[in-house]
Amino acid sequence: MLSSAHLVPISVQRAQSWICRSSRSFMDLKALLSSLNDFASLSFAESWDNVGLLVEPSPPHTVNTLFLTNDLTEEVMDEALQKKADFILSYHPPIFRPMKHITWKTWKECLVIRALENRVAVYSPHTAYDAAPQGVNSWLAKGLGTCTTRPIHPSRAPDYPTEGAHRLEFSVNRSQDLDKVMSTLKGVGGVSVTSFPARCDGEEQTRISLNCTQKTLMQVLAFLSQDRQLYQKTEILSLEKPLLLHTGMGRLCTLDESVSLAIMIERIKTHLKLSHLRLALGVGRTLESQVKVVALCAGSGGSVLQGVEADLYLTGEMSHHDVLDAASKGINVILCEHSNTERGFLSELQEMLGVHFENKINIILSETDRDPLRVV
């Protein structure tokens, strides 16, 4: 016989369950933005891009439902508001060029107004997700078959491994005032100085190495130029940020086993869930020609793929003349329309963000978002 102490009405159980879920199902906007940057740093984005938080409701703002879309159109905004979203992650930035006014005259201005009126934040990662190791291009490569991949244009680390962007090295002999040199250099902001004994031309000297920023470089050189001997023997090295092996634009994919172009076409159609795509055969190629190396870039890949040696270029769109140029070199080209090479990634992103956010918020995928071009 059950003890009455263990009997809880079903309505109470449901209420308690809802309270527990609701207490966990939100994030502060600032915390969410920080977590998104941890997932894929915005520093990976191209310099020309407009990424990050584009529309911010007045603070404080908490997020219960994150809405994923490839393009934020008016129809997609209707869906987002109907589903009570308070944060829209739009892969493509709905605001790209500067707006001079916010009125009801253009559809993009209307999006901003509706977002603010309904307290919906709008965020875009765009090329940061293109470059990320777990991003759009890596997802696109999964449709090719088993292969090894590397970025076509690797990203660089967001920060220098050492302080400053330049390194200066020179030697100070006994006739020069070492203490004055060291104290002056250490007095310049943004300079890191080290010294060690060295022997040059049979003479005991002190070798000085310093790192400095572009801004402080001229200050250091101005001081060193006061001593002609020091100045003429100064070596200046430009420090570069290290390349990131798995991060960057495009992917160069080498298949474990080569396949015919016809088979590759079917793999791509299946991965992108397309019934048709556009194909330009390279000069001298047929559907039976073997494909071993594929260069790909989601979206518009003309500039990224240009000059890359491969059997096949895969992208959303390229200019007519870029296609002609590739084909003349015997490279096959497959075009799938711009967003068709991106949109499928969002399903995978939904799962990854759920894990990354530890299911603290609801993440839903747009059902109305689609490529504007169709084959008729």
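All of these numbers come straight from a predicted model, not from anything done at the bench. One-based numbering along the sequence shown.
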Minimum heavy-atom separation for K292 and L255, please, with both atom names. NZ-O, 2.7 Å
Test item: side-chain donor near acceptor, D130 and T127, under 3.5 Å: no
Under 3.5 Å, is there a donor-acceptor pair between the N332 and R285 side chains? no
Check the orientation of W48 and H126. Use parallel for under 30°, tilted for 30 to 60°, and perpendicular for over 60°. perpendicular
Over all heavy atoms of both residues, which pair between V308 and Y313 is shortest? Give the atoms and the distance, please. O-OH, 2.5 Å
Can a side-chain donor-acceptor contact be found between S58 and R119 if the only test is distance below 3.5 angstrom? yes
Give the minimum heavy-atom separation between E79 and S366, together with the two atoms involved. OE1-OG, 2.7 Å
Where the side chain of S138 meets the backbone of Q134, is there a donor-acceptor pair that is under 3.5 Å apart? no
Can you see whether T106 engages E109 through a side-chain donor-acceptor pair at a distance of less than 3.5 angstrom? yes
Heavy-atom closest contact (L42 atom, G52 atom, distance): CD1-CA, 3.6 Å
If I compare all heavy atoms of L54 with all of S124, which pair ends up nearest, and what's the gap? CD1-CB, 4.0 Å
Counting only heavy atoms not in H92 (residues, nucleotides, ligands), do more than 12 fall under 6.0 Å from its NE2? yes
If you measure only the distance, is there a donor-acceptor pair under 3.5 Å linking the side chains of E75 and T368? no
Evaluation steps, side chain to side chain contact (heavy atoms under 4.5 Å, CB included), between S339 and D71: CA-CA 8 Å; S339 68; D71 292 293; 4.0 Å; yes
Counting neighbours of CD on E309 that are heavy atoms of other residues, nucleotides or ligands and sit closer than 6.0 Å, is the number greater than 12? no
Least distance between heavy atoms, I152 atom then L296 atom: CD1-O, 3.9 Å
Between Q205 and N173, does any side-chain donor sit less than 3.5 Å from a side-chain acceptor? no
